[in-house]
Amino acid sequence: MIQLTNVTYSYPRAETPALHDLSLQIPAGQFCAVIGANGAGKSTLCATLAGFVPHFYRGKLSGTAKVAGIDIAGSSLAELAGTVGLVFSNPFNQITGARFTVREEVAFGLENMGVPPAEMAPRIDEMLRFARLSEQADQSPYALSGGQQQRLAIASVLVMRPKVLVLDEPTSQLDPIGSREVFSVLRDLAATDEATVFLAEQKLEWVAAFADRVLVLHQGRLVADGPPAEILASPTLSQYGLEPTRYTQAARAALGAGFRPQHPDLPVTLEQAVEFFR
Ligand SMILES: Nc1ncnc2c1ncn2[C@@H]1O[C@H](COP(=O)(O)OP(=O)(O)OP(=O)(O)O)[C@@H](O)[C@H]1O
Ligand SMILES: [Mg+2]
């Protein structure tokens, strides 16, 4: 579904590439998270998958990047819009400002795609239910909480049925309650197994809870790639400026204090921590 081959990208006038020789394949239906310290290249990678690199940011892109078989550099942003949807960190920036209600906001993309009105209403209703915004359907998007606004942004993208959903730290601007609301929607999405989701995220507890696969970026290079339990418990994480989850930290501290678990695997989720400390 996503296929990168030797992708190197430099922003205009940058001395070093923001992405360095990235090669990776993400099959359809996979929920893939990318982690990395500030400046590692997470946002640049998200922008590349959505075509903002190179169509908006320009600069120099080499190698090939394909989404659903479409060559990103060889297609326009408009062509890509039906295939890959991008959700940014700040929900406020994604509201069009051109629509008065939540329902109209979700309709916006469908109208642009020329979806017939009769088909639109059920799709919008379904999406509002999924994003848990049915009760807010007739409110102004600006009257919503941050968590609701971000779910609106996700709904507005998902309603267009993109093959790939890319989210760049969708909860970094939200409080813990708003973050939880957004992640519970993402969890539902992951459970469908149909959506290919690519998520840049700093909150490793959430990554551990539902990503199928974790990529680690460090200075624009892909330095680790594997299942969450393996990547997030790895002692090399700190070399890349990342802190393990609180569960891994607690387990390491307990081992240091002489605790001997029945199974030696370090936990990265609450469920695994319960097993570890049993
Ligand atoms: N618009 C831009 N123009 C020039 N350089 C940029 C631009 N955006 C990012 N960079 C540079 O590219 C590199 C990767 O940045 P990027 O924003 O992709 O990292 P990130 O992993 O998303 O970081 P963060 O955790 O802070 O969001 C950094 O060195 C950054 O300074
Ligand atoms: Mg970023």
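No hydrogens, no waters, no symmetry mates; every other heavy atom, side chains included, goes into these values.
As a member of the Ile/Leu/Val/Met/Phe/Trp/Tyr network built from side-chain separations under 4.5 Å, Ile95 groups with Phe92, Tyr142.
Residue Gln249 qualifies as enclosed at atom CD: its count of foreign heavy atoms under 6.0 Å is above 12.
By the salt bridge (charged side-chain N to carboxylate O under 4.0 Å, His left out) test, Glu275 is found to be paired with Arg278, residues two or more places apart in sequence or in another chain being considered. For Glu271, there are no salt bridge (charged side-chain N to carboxylate O under 4.0 Å, His left out) partners, not counting sequence neighbours. Qualifying ring-ring contact (aromatic ring centres under 6.0 Å, His included) partners for Phe198, counting only residues two or more places apart in sequence or in other chains: none. With sequence neighbours excluded, no residue forms a salt bridge (charged side-chain N to carboxylate O under 4.0 Å, His left out) with Arg260.
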Could you tabulate the donor-acceptor pairs under 3.5 Å formed by side-chain atoms of residues 33-41, not counting sequence neighbours?
none

Taking distance alone, no hydrogens or angles, what donor-acceptor pairs closer than 3.5 Å link side-chain atoms of residues 48-70 to residues at least two apart or in another chain?
from: Thr48; atom 1: OG1; to: Thr44; atom 2: O; distance (Å): 2.7
from: His55; atom 1: NE2; to: Ile72; atom 2: O; distance (Å): 2.7
from: His55; atom 1: NE2; to: Ser75; atom 2: O; distance (Å): 2.5

Using distance only, find each side-chain donor-acceptor pair of residues 163-172 under 3.5 Å and give its atom names and separation, not counting sequence neighbours.
from: Asp168; atom 1: OD1; to: Ser43; atom 2: OG; distance (Å): 3.3
from: Asp168; atom 1: OD2; to: Ser43; atom 2: OG; distance (Å): 2.7
from: Thr171; atom 1: OG1; to: Lys203; atom 2: NZ; distance (Å): 2.9
from: Ser172; atom 1: OG; to: Glu169; atom 2: O; distance (Å): 3.3

For residues 228-240, which side-chain donor-acceptor pairs fall under 3.5 Å, sequence neighbours excluded?
from: Ser234; atom 1: OG; to: Thr236; atom 2: N; distance (Å): 3.1
from: Ser234; atom 1: OG; to: Thr236; atom 2: OG1; distance (Å): 2.6

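Leu144 has its side chain within reach of Gln149: a pair of non-hydrogen atoms, C-beta onward, lies under 4.5 Å apart. Leu22 has its side chain within reach of Leu217: a pair of non-hydrogen atoms, C-beta onward, lies under 4.5 Å apart. For the pair Ile124/Leu128, a side-chain contact is recorded, criterion being any heavy-atom separation below 4.5 Å from C-beta on.
We find the CG-CE distance between Asp125 and Met120 to be 11.0 Å, quoted to the nearest 0.5 Å.
When all heavy atoms are compared, the tightest approach of Gln173 to Asn90 is CG-CA, 3.8 Å.
Judged as a side-chain hydrogen bond (donor to acceptor under 3.5 Å, both in side chains), the pairs with a partner in residues 104-122 (not counting sequence neighbours) are, in order, Thr96-Glu105, Arg99-Glu111, Glu119-Arg123. Residue pairs satisfying the ring pair (Phe, Tyr, Trp, His ring centres under 6.0 Å) criterion with at least one member in residues 105-127, sequence neighbours excluded, are absent. For residues 19-42, the ring pair (Phe, Tyr, Trp, His ring centres under 6.0 Å) pairs, not counting sequence neighbours, are Phe31-Phe210.
At a threshold of 4.0 Å, the pair Glu181-Arg132 does not count as salt-bridged, since none of the basic side-chain nitrogens sits closer than that to a carboxylate oxygen.
No side-chain donor-acceptor contact under 3.5 Å links Gln94 to the backbone of Gln150.
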